[in-house]
Student: 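Sharing a structure, written as structure tokens. Questions coming.
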Amino acid sequence: MESMGEVLRSMNNSALRQRSRDLEQNLLNHPLVKQLQAEHPELDESRLRLHLSRLYQYVEESRHCANCPGLEKCPNDFQGHYSKLTVETVNGTADLYERKTACNLKIARDNQDNIRKRIRSFYVDERVLNGGYDEIDIMGKDPRRVSAVNRIFDYIASAKENGLTSRGIYLQGSFGTGKTFLMCYMLHELAIAGYSGVIVYMPDFIEELKLIMMDNQKLKEMVDTMKNCDLLIFDDIGAENLNPWARDHVLGAILNHRMNRKPTFYTSNYPLDGLEKHLSITSKDGEEIYKGQRLMDRIAPFVDVIPLHGENQRGMSR
């Protein structure tokens, strides 16, 4: 079908004027237009003729959608949208109105974008967050993980049904058993339910703190984000090289704010007593048992410990 604009610009030629009339008639006889008339007998044909450009857009974009080449190659005027016509009666006269409507592909992509916006990561490989999740694959990867995976599934289901509590999870296991992956899966599923989440890779986070400790604004924004998100995950806690300031004034402040308010989650190679010993030792002051205990008082009472057993999956395809 030719562009309506091209035809109208050529109307000074009698042959093309006839073509314009033929185009108009073909448009009015198009099945989609006939269907519109059948559904709205109150709409006079004279009103349709006043809105030929809308009818043309409606027919063309319907044809494009019927032969959809995918969202990225969408040929419609507004990517991922099509023209939807409605008939409304104003002051006793039925008239035709057009609005751009998002297609299913556009809605699905927007939903995925909104999910991603609810999740922030600090120093965690984005590929882990965006790699996609298959529950059957998660369950079947290693039979030894089944008990832990079921408890993660139960937590997700409970949060979706009953809302979040202040209680989090301490996921403890050896290297490469999928702790980070399971936490990212939980974040993704609860982001779908509308919750915001942050995952922090602890070794890199602590090193970064040393670089920005004099940048008060950046530090405040980072800490406030961790304090206020719905779900906070400290990934690989126990692998970082702590200093007293990061432990007592940053990590301690975050945990002090969240306890009894919002759930905090952890992945670690250490059991809880091993983590306490790790938190008692800093690169500057050596072992300070009471400070490790003080931090653990903000961790241990507010988590359920889930052991994760299984084979080291690193280097293996999921």
Student: Hey, does the side chain of H64 reach the backbone of S62 with a donor-acceptor pair shorter than 3.5 angstrom?
Tutor: no

Student: Please report the interatomic distance CD(E221) to CG(D224), rounded to the nearest 0.5 Å.
Tutor: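 Taking CD in E221 and CG in D224, the distance rounds to 8.0 Å.
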
Student: Looking at every heavy atom in both L190 and I156, which two are closest together, and how far apart are they?
Tutor: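 Between these two residues, the closest heavy atoms are CD2-O, 3.9 Å.
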
Student: Using modelled atom types and a 3.5 Å cut-off, is there a donor and acceptor pairing between side-chain atoms of S196 and backbone atoms of C229?
Tutor: no

Student: Donor-acceptor pair, distance only, cut-off 3.5 Å: does the side chain of R145 make one with the backbone of L308?
Tutor: no

Student: Is there a side-chain contact between L187 and F265 (heavy atoms, below 4.5 Å)?
Tutor: no

Student: For R294, does the CZ atom sit with more than 12 other heavy atoms under 6.0 Å from it, leaving out its own atoms?
Tutor: no

Student: If you measure from the Lys or Arg side-chain nitrogens to the Asp or Glu carboxylate oxygens, is any gap between R109 and E72 under 4.0 Å?
Tutor: yes

Student: Using side-chain hydrogen bond (donor to acceptor under 3.5 Å, both in side chains) as the criterion, point out the one residue from Q57, R99, E61 that pairs with S83.
Tutor: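 Of the listed residues Q57, R99, E61, the side-chain hydrogen bond (donor to acceptor under 3.5 Å, both in side chains) partner of S83 is E61.
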
Student: Between the side chain of K291 and the main-chain N/O of D248, is any donor-acceptor distance below 3.5 Å?
Tutor: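 Pair absent, no side-chain N/O of K291 close to backbone of D248.
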
Student: Test I212 against M222 for side-chain contact (heavy atoms from CB on, under 4.5 Å), laying out the working first.
Tutor: CA-CA 10 Å; I212 67 168; M222 183 183 293; 3.8 Å; yes

Student: Go through the steps to decide whether I192 and E189 satisfy the test side-chain contact (heavy atoms from CB on, under 4.5 Å), and finish with yes or no.
Tutor: CA-CA 5 Å; I192 293 174; E189 288 300 301; 4.0 Å; yes

Student: Does CD belonging to E161 count more than 12 external heavy atoms closer than 6.0 Å?
Tutor: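 Atom CD in E161 is not crowded, with 12 or fewer foreign heavy atoms closer than 6.0 Å.
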
Student: Which word best sums up how the rings of Y185 and F153 line up, parallel for under 30°, tilted for 30 to 60°, or perpendicular for over 60°?
Tutor: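 Rings of Y185 and F153: tilted, 30 to 60°.
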
Student: To the closest 0.5 Å, what do you measure between CG (L231) and CG (L164)?
Tutor: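 Going from CG on L231 over to CG on L164, the span is 5.0 Å.
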
Student: Under a 4.5 Å cut-off applied to non-hydrogen side-chain atoms, are T165 and S158 in contact?
Tutor: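 T165 vs S158: side chains apart.
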
Student: Under 4.0 Å between a side-chain nitrogen and a carboxylate oxygen: does that hold for D110 and K106?
Tutor: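 Yes.
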
Student: Would you compute the distance between atom CG of L209 and atom CH2 of W245 and round it to the nearest 0.5 angstrom?
Tutor: 5.0 Å

Student: Taking the basic N atoms (NZ, or NE/NH1/NH2) and the acidic carboxylate oxygens, is any pair closer than 4.0 Å for K210 and E207?
Tutor: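 A salt bridge is present here (some side-chain N lies under 4.0 Å from a carboxylate O).
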
Student: Please report the closest heavy-atom contact between F302 and D297, naming both atoms and the distance.
Tutor: CE1-O, 3.5 Å

Student: Run the side-chain contact (heavy atoms from CB on, under 4.5 Å) check on N241 and I206 step by step: do they pass?
Tutor: CA-CA 7 Å; N241 183 19; I206 296 301; 5.7 Å; no

Student: Should the heavy atoms of other residues, nucleotides or ligands under 6.0 Å from CZ of F78 be counted, would the total exceed 12?
Tutor: no

Student: Mind checking what makes ring pair (Phe, Tyr, Trp, His ring centres under 6.0 Å) contact with Y270, not counting sequence neighbours?
Tutor: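 So Y270 forms a ring pair (Phe, Tyr, Trp, His ring centres under 6.0 Å) with H278.
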
Student: Mark yes when over 12 heavy atoms from residues, nucleotides or ligands other than I289 sit less than 6.0 Å from its CD1; otherwise mark no.
Tutor: no

Student: If you look at every heavy atom in T177 and S174, which pair is closest and at what distance?
Tutor: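 In this case the closest contact between T177 and S174 is OG1-O, 3.0 Å.
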
Student: Would you say that more than 12 heavy atoms from the other residues, nucleotides or ligands in this model lie under 6.0 Å from the NZ of K100, or not?
Tutor: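 Yes.
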
Student: What are the two closest heavy atoms between Y155 and P263, and how far apart are they?
Tutor: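 Closest approach of Y155 to P263: OH-CB, 3.7 Å.
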
Student: Show your reasoning for whether side-chain contact (heavy atoms from CB on, under 4.5 Å) applies to L96 and Y58.
Tutor: CA-CA 12 Å; L96 194 65; Y58 170 60; over 6 Å; no

Student: Any donor and acceptor pair, going by atom type alone, linking the side chain of K227 with main-chain N or O of N256 inside 3.5 Å?
Tutor: no

Student: Do side-chain atoms of Q79 reach the backbone of L71 as a donor and acceptor pair under 3.5 angstrom?
Tutor: yes

Student: Do T267 side-chain atoms and D236 backbone N/O form a donor-acceptor pair below 3.5 Å?
Tutor: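 Checked: pair present.
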
Student: Looking only at atom types and distance, does a side-chain atom of E240 sit under 3.5 Å from a main-chain N or O of G238, one as donor and one as acceptor?
Tutor: yes

Student: Could you go through the salt bridge (charged side-chain N to carboxylate O under 4.0 Å, His left out) check for E208 and K218 one step at a time?
Tutor: CA-CA 11 Å; E208 179 72 8; K218 185 174 181 179; 3.6 Å; yes

Student: So that I can tick it off, tell me whether R63 and E60 are bridged by a salt bridge, with the cut-off set at under 4.0 angstrom between side-chain N and carboxylate O.
Tutor: yes

Student: Which value, rounded to the nearest 0.5 Å, describes the distance between H30 atom NE2 and L55 atom CG?
Tutor: 10.5 Å

Student: Quick check: closest heavy atoms across N269 and Q172, and the distance to 0.1 Å?
Tutor: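 Scanning both residues, the minimum pair turns out to be O-NE2, 3.3 Å.
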
Student: How far does CG of D304 sit from CG of D154, to the nearest 0.5 angstrom?
Tutor: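 Reported value, rounded in 0.5 Å steps: 11.5 Å.
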
Student: Sub-3.5 Å donor-acceptor pair from the side chain of N243 to the main-chain atoms of A246, do we have one?
Tutor: yes

Student: What are the two closest heavy atoms between M183 and I152, and how far apart are they?
Tutor: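 That closest heavy-atom pairing would be CE-CD1, 3.6 Å.
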
Student: Would you confirm whether R247, through its side chain, and L279, through its main-chain N or O, come within 3.5 Å as a donor-acceptor pair?
Tutor: yes

Student: Would you give the length of the straight line joining atom CD of E39 to atom CG of L85, rounded to the nearest 0.5 angstrom?
Tutor: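 The CG atom of L85 is 11.0 Å from CD of E39, to the nearest 0.5 Å.
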
Student: Would a 4.5 Å heavy-atom cut-off, applied to side chains only, mark V250 and F205 as touching?
Tutor: yes

